[in-house]
Amino acid sequence: MRGPVKALIGLAVLAGLLVGADRLAVGVAEDEAADLLVNSGRVGSPPEVTIEGFPFLTQALSGEFDEVRLAADGMTVSNGRDRVALHSFQARMSGVKVGDSDRRDVTVRSGSGSGLITYADLSKLTVGAVPLGLEYAGPGRVKSVVPGGAIEGRLRNEGNTVIVDDLQLTGAAAALKGMAGDRLSARRFTMTNLPAGLNLASAVPQSDGLRLEFTGSNLSLIG
């Protein structure tokens with residue numbers, strides 16, 4: 001029995017070494033992917049990259065990964081003029097393929113993600129003749145507090161464009177509607193520099209900020 005036992009022990013040790021090598025390789029690849037994303041200009045600081053699936057080495061040899069997850073805080077989005085932080089960004093990418101001749105040529109079959117911008121930053125992006133300091137006003141709505149009441153409206157998106165419209169004065173301030181002028185005009189901005197090449201799927205006001213949901217297919221992640 002010594003021979004078979006030794007063989008089994010040897011196989012177990014070999015399997016352990018292969019698993020260890022696989023996990024070491026995936027760790028190196030995740031760090032390298034984070035650096036590539038920073039160098040591409042898509043993110044400002046290294047994100048946390050997690051390559052799913054086992055074994056990693058067979059995926060690496062094929063040049064295509066079943067699933068990759070990204071997580072980062074302090075990424076940015078822009079309205080083409082001002083840039084603000086996108087907090088708690090998380091994304092899940094499926095079918096991530098690396099080019100045969102250029103590792104910077106990374107495409108994604110499909111992806112989704114989410115993040116949050118504060119109302120202070122939303123106010124910066126929602127430019128107008130008169131600034132509005134926006135706050136949460138309930139499901140689908142935001143408001144700007146003014147003396148005697150508030151200016152309240154709905155917030156929605158059309159593609160990558162965020163729109164604040166249907167603005168109305170509430171409370172005692174409603175009597176000043178004729179003097180409100182540009183404060184009641186619709187505000188809109190189009191988001192640029194969206195993370196990982198994704199598009200804006202929805203913009204939902206929450207008590208802690210504006211929750212952004214992203215989606216996309218046939219994306220260019222780095223290249």
Side-chain angles (χ1 to χ4, degrees), residues 33-49 68-97 99 102 104-136 140-142 144 153-167 182 185-206 208-223:
D35 291 338
L36 285 173
L37 283 167
V38 172
N39 293 335
S40 73
R42 290 285 175 89
V43 300
S45 58
E48 179 182 333
V49 179
V68 176
R69 290 188 287 113
L70 305 178
D73 197 31
M75 295 179 65
T76 61
V77 293
S78 172
N79 61 358
R81 187 185 70 175
D82 298 312
R83 188 182 297 270
V84 302
L86 176 65
H87 300 284
S88 303
F89 174 71
Q90 295 189 32
R92 186 179 295 271
M93 309 288 178
S94 299
V96 179
K97 188 172 184 179
D102 185 359
R104 293 179 180 274
D105 179 18
V106 181
T107 58
V108 178
R109 184 175 63 250
S110 63
S112 61
S114 64
L116 187 81
I117 60 176
T118 67
Y119 284 112
D121 284 338
L122 175 62
S123 300
K124 293 178 184 177
L125 298 177
T126 313
V127 295
V130 179
L132 290 179
L134 297 175
E135 302 176 7
Y136 181 65
R141 302 189 68 79
V142 292
S144 177
R154 63 177 178 172
L155 186 147
R156 57 194 174 89
N157 75 293
E158 293 180 356
N160 290 344
T161 299
V162 176
I163 303 168
V164 180
D165 62 4
D166 193 26
L167 292 164
D182 291 330
S185 61
R187 309 295 176 94
R188 66 178 62 216
F189 65 90
T190 299
M191 285 194 166
T192 63
N193 195 44
L194 293 179
L198 295 166
N199 294 307
L200 183 62
S202 66
V204 180
Q206 297 183 169
D208 56 346
L210 183 65
R211 172 64 58 180
L212 304 176
E213 299 287 340
F214 305 99
T215 189
S217 59
N218 300 320
L219 308 172
S220 177
L221 182 58
I222 295 178

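- For Thr192, the side-chain contact (heavy atoms from CB on, under 4.5 Å) partners are Ser78, not counting sequence neighbours.
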Per-pair distances, 0.1 Å, donor-acceptor, side chain in residues 209-218, under 3.5 Å, sequence neighbours excluded:
| from | atom 1 | to | atom 2 | distance (Å) |
| --- | --- | --- | --- | --- |
| Thr215 | OG1 | Gly111 | O | 3.4 |

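- Of the inter-residue distances, the one linking Lys97 atom NZ with Arg109 atom CZ reads 10.5 Å to the nearest 0.5 angstrom.
- A search for side-chain contact (heavy atoms from CB on, under 4.5 Å) contacts involving Thr161 returns Ile163, Arg188, Thr190, not counting sequence neighbours.
- With sequence neighbours left out, Gln90 forms a side-chain contact (heavy atoms from CB on, under 4.5 Å) with Ala71.
- The CZ atom of Arg187 sits 7.5 Å away from the CG atom of Leu167 when rounded to the nearest 0.5 Å.
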Intermediate values then yes/no, side chain to side chain contact (heavy atoms under 4.5 Å, CB included), Val77 and Leu200: CA-CA 11 Å; Val77 293; Leu200 183 62; over 6 Å; no
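- Rounded to the nearest 0.5 Å, atoms OG1 (Thr76) and CG (Leu194) are 10.0 Å apart.
- For the atom pair CZ of Phe89 and CG of Leu116, the computed distance is 13.0 Å after rounding to the nearest 0.5 Å.
- Under the side chain to side chain contact (heavy atoms under 4.5 Å, CB included) test applied with Arg156, the options Val164, Val162, Asp165 reduce to a single match, Asp165.
- The CG atom of Leu132 sits 10.0 Å away from atom CG of Leu122, with the distance rounded to the nearest 0.5 Å.
- Taking the side-chain contact (heavy atoms from CB on, under 4.5 Å) definition, one finds that Ala120 meets it with Thr118, sequence neighbours left out.
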Is there a side chain to side chain contact (heavy atoms under 4.5 Å, CB included) between Met191 and Ile117? Walk through the geometry before answering. CA-CA 12 Å; Met191 285 194 166; Ile117 60 176; 4.1 Å; yes
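- Of the options Thr126, Leu125, Asp121, a side chain to side chain contact (heavy atoms under 4.5 Å, CB included) to Leu134 is made by Thr126 and by none of the others.
- From Arg83, atom CZ reaches atom CE of Met75 across 10.5 Å, with rounding to the nearest 0.5 Å.
- Summarising the geometry of Ala203 relative to Leu155, their closest heavy-atom pair is O-CD2, 3.7 Å, with the distance given to 0.1 Å.
- Partners of Arg141 by side-chain hydrogen bond (donor to acceptor under 3.5 Å, both in side chains), not counting sequence neighbours, listed by chain and number: Glu152.
- Here the closest non-hydrogen pair linking Met93 and Leu70 is CE-CD1, 4.2 Å.
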